[in-house]
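To start, the structure itself, in structure tokens.
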Amino acid sequence: MAAMIMMKRNARIALMVLLTAGLWLALKPTIGNRRLTFLPVRWSEYVDFMDFWFNLGAFGLLGITAWLAFGTKEKILSRAFVMVGIITLLNVLLELVQTSIPGRAVDMADLWAGLLGCVIGIASGLVSQRLMNGRHPNNAVPQVLFLDQTGRLGGAELMLLDIASARAADSEVILFHDGEFRAALESAGVKTRVFRLGDEASAVDRQAGLSRALRCVPGLVDLMLRIARAARSFDVVYANTAKALIIGGPAAKLAGCPLVFHLHDIVADGHFSALNRRLLIFCANTFANAVIANSEATKAAFISSGGRAERCVVIPNGFLIPEVRSTAADIESRRSSLGIPPDAWIVLMAGRLAHWKGQHVLLEALQAMPDAHAVLLGDALFTDEDREYARRLHVQAAVPALAGRVHFAGFQSETLPFFDMADVVVHASVFPEPFGRVIVEGMLACKPVIASRAGGAAEILQHEHTGLLVEPGNARELADVMMRLKNDPKLAADLAQNAQRTAHDTYALHAVQAKIEAVIRETACCENEQAPVAETTAQIRQAA
Ligand code: UDP
Ligand code: GLC
């Protein structure tokens, strides 16, 4: 039924006509007198013979229409067996019902004709599907439908922006909300559509419980069917967020399209409610042919929550290596526009304002460093809790010990000039950071970086070599480490240079894009349930 709803209107009408014709053909020879009234009397001796051909034709029609409506590009054999089974069962039931007609018994010839017709029909459906769509040739660029739940520009969206821009001619993006992300995609030449998610469903966040989740079901089903319809002309669906997976997973299944899930979150307490965790893992295990995790920590949390290890491959975020840097004059004018004195030592913290990102920890640490100024780059992007947190940060920043030393720069699309003017870049997440783009951006900008020792951050930075790691949430330790860097410019410079070299070698955008493209191609070509990323994982390990 869902598959019928998602078909185009004309296709739906054609399907109904075919089904009615099929049923009519199946029943016609058995209704009342078995002689076919429109045939000359002398032909009536061929009635049984005609019956056979009627059944063959009718079930052939049923088979072909069933395949065109419910067929798939993967797992063809099992889907075909299920269809033959269901249609044959119907055929048997029909024959049994007919035994109630006086003088009519179960006719084995009819059953065989039905079975044969059904097999021929499904085979013809398959052939015409192949002729219409063409099999995906191994060397063609797979057409990818990317899905993302937000219109804002978080780290996951910035990564998707880079991936989709690099293959704009062969990609389309569907967002569940409008916003600056759509504008950024469009200006990069990526075809983008917004399929709005109803307000009920939008209100469900990663911490939502059962009753809130249930209220949004109608909106979700509607969105899912629209995506399924869109997905039919693509080789791969690529879900970039949790909601994109939960809605896009069943949609991809309906459309017979394989799915890649890019996991940007640590699936654990603190990031997800228990219900949402189970739902996400269920959808990943059921619908995703490949899962790309942005760090080893993300992969480990996915597996320990029940995710399938053999489908999961780790690919970090990739970054364009900045070529043009700010001049001393640019830095000077930016400082003065923010009201920062020329000799002040600047700590930059970039990223959305959210409690788990730990801006409050930095402000607490800053109280112990009277000469330092903090620049907070970013805004509250996603939830009301984030907006409330941002309001509390402004209150915290107004205490006398900090007054005039905390500068809220808001969300900026050009972040590089802010990194350029910093003396140190701080990352202070109090929950494990899944990856942490801002850490790599600080390294690429050749700045010493301090980060929380957890999650992806602890994988990116090598303590005392490419940066300094501190205990998450420990403002005292953060203050000590900042003091250490402030008092030891040589250490700061060495860390920054090591970090820049490592970031160049490990996170160059083109290399990361190639790894993601390999997963997409492998997924597009896989037609069965086997672990599709096994080969790619091996290639990635070899390349590393
Ligand atoms: N960012 C930005 N403008 C801002 C603040 C942040 O473009 O004003 C970018 C930042 O440069 C980084 C991303 O937002 O690329 C944040 O990604 P990250 O992985 O650090 O954290 P997320 O917010 O995705 O959890
Ligand atoms: C998410 C994570 C962040 C990661 C980004 C890109 O937004 O919170 O840690 O860097 O995705 O993968």
Side-chain angles (χ1 to χ4, degrees), residues 148-150 152-163 179-181 183-184 206 238-244 261-268 270-272 291-299 301-302 314-320 322 334 338 348-359 375-383 386 389-390 407-422 425-445 447 449 451-452 454-461 472 503 507 509 512 515-516:
D148 195 292
Q149 70 198 49
T150 177
R152 310 303 305 269
L153 274 172
E157 288 67 39
L158 288 166
M159 179 74 239
L160 177 55
L161 179 61
D162 284 336
I163 304 168
E180 65 271 12
F181 186 23
R206 286 182 287 180
Y238 190 113
N240 196 52
T241 57
K243 271 185 200 163
F261 173 41
H262 199 147
L263 177 58
H264 294 276
D265 300 303
I266 291 200
V267 187
H271 279 293
F272 287 87
V291 176
I292 298 174
N294 58 3
S295 67
E296 292 293 344
T298 300
K299 180 179 176 178
F302 174 71
V314 174
I315 304 181
N317 278 218
F319 300 81
L320 274 177
R334 193 163 298 275
L338 285 170
L348 175 75
M349 189 158 169
R352 60 197 153 97
L353 305 182
H355 181 269
W356 74 274
K357 289 290 187 182
Q359 281 89 357
V375 175
L376 299 187
L377 189 62
D379 210 342
L381 287 190
F382 298 123
T383 64
D386 294 349
Y389 175 71
H407 308 271
F408 290 88
F411 182 88
Q412 303 284 338
S413 47
E414 275 296 310
T415 58
L416 199 60
F418 290 86
F419 281 93
D420 280 340
M421 74 177 203
V425 171
V426 165
H427 162 272
S429 293
V430 293
F431 287 117
E433 180 74 47
F435 178 74
R437 290 176 61 89
V438 289
I439 299 168
V440 180
E441 288 162 350
M443 295 165 82
L444 288 170
K447 299 293 166 182
V449 181
S452 292
E459 293 166 36
I460 296 171
L461 287 185
Y507 302 107
L509 183 58
V512 168
K515 290 174 188 172
I516 290 179

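Whatever order the structure lists them in is the order used to number ligands and atoms, beginning at 1.
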Structural part of Leu377 in contact with ligand 1, heavy atom criterion under 4.0 angstrom:
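Both backbone and side chain of Leu377 come within 4.0 Å of ligand 1.
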* Asked: Using heavy atoms and a threshold below 4.0 Å, how should the contact between Val438 and ligand 1 be classified: side chain, backbone, both, or neither?
  ->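 The answer is both.
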| message | Show me, by chain and number, every protein residue that has a heavy-atom distance under 4.0 Å to ligand 2. | response |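 Close residues (ligand 2, cut-off 4.0 Å): Gly155, Ala156, His264, Asn294, Asn317, Arg352, Trp356, Glu433, Pro434, Phe435, Gly436, Arg437.
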All side-chain hydrogen bond (donor to acceptor under 3.5 Å, both in side chains) counterparts of Ser429, not counting sequence neighbours
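Expected list: His427, Glu433.
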Whether Gly410 lies under 4.0 Å from ligand 1, heavy atom =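 Within the 4.0 Å threshold, so yes.
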Say whether Phe435 and ligand 1 are in contact under the criterion: heavy-atom distance to a ligand atom below 4.0 Å.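 Under 4.0 Å: no for Phe435.
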Please name all residues satisfying side chain to side chain contact (heavy atoms under 4.5 Å, CB included) with Phe319, sequence neighbours left out, ordered by chain then number.
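Expected list: Asn317, Phe435, Arg437, Val440, Glu441, Leu444, Tyr507.
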All N/O donor-acceptor pairs, side-chain side in residues 411-419, below 3.5 Å, sequence neighbours left out:
| residue | atom | partner | partner atom | Å |
| --- | --- | --- | --- | --- |
| Gln412 | NE2 | Ala409 | O | 2.8 |

Next on the checklist: Counting only heavy atoms, tell me which of Glu441, His264, Arg437, Glu157 gets closest to atom 10 (C) of ligand 1.
Outcome noted: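 Among Glu441, His264, Arg437, Glu157, the closest heavy atom to atom 10 (C) of ligand 1 belongs to Glu441.
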* Asked: Ignoring hydrogens and geometry, is there a side-chain-to-backbone donor-acceptor pair from Tyr389 to Gln359 under 3.5 Å?
  ->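 It does hold such a pair.
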* Asked: What are the two closest non-hydrogen atoms of Ala297 and Ile266, and how far apart are they?
  ->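 That would be CB-CD1, 4.2 Å.
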Exercise. Would you mind checking if Glu180 and Arg152 are paired as a salt bridge, meaning a charged N to carboxylate O distance below 4.0 Å?
Key: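 Looking at Glu180 together with Arg152, the answer is yes, because their closest N to O distance falls below 4.0 Å.
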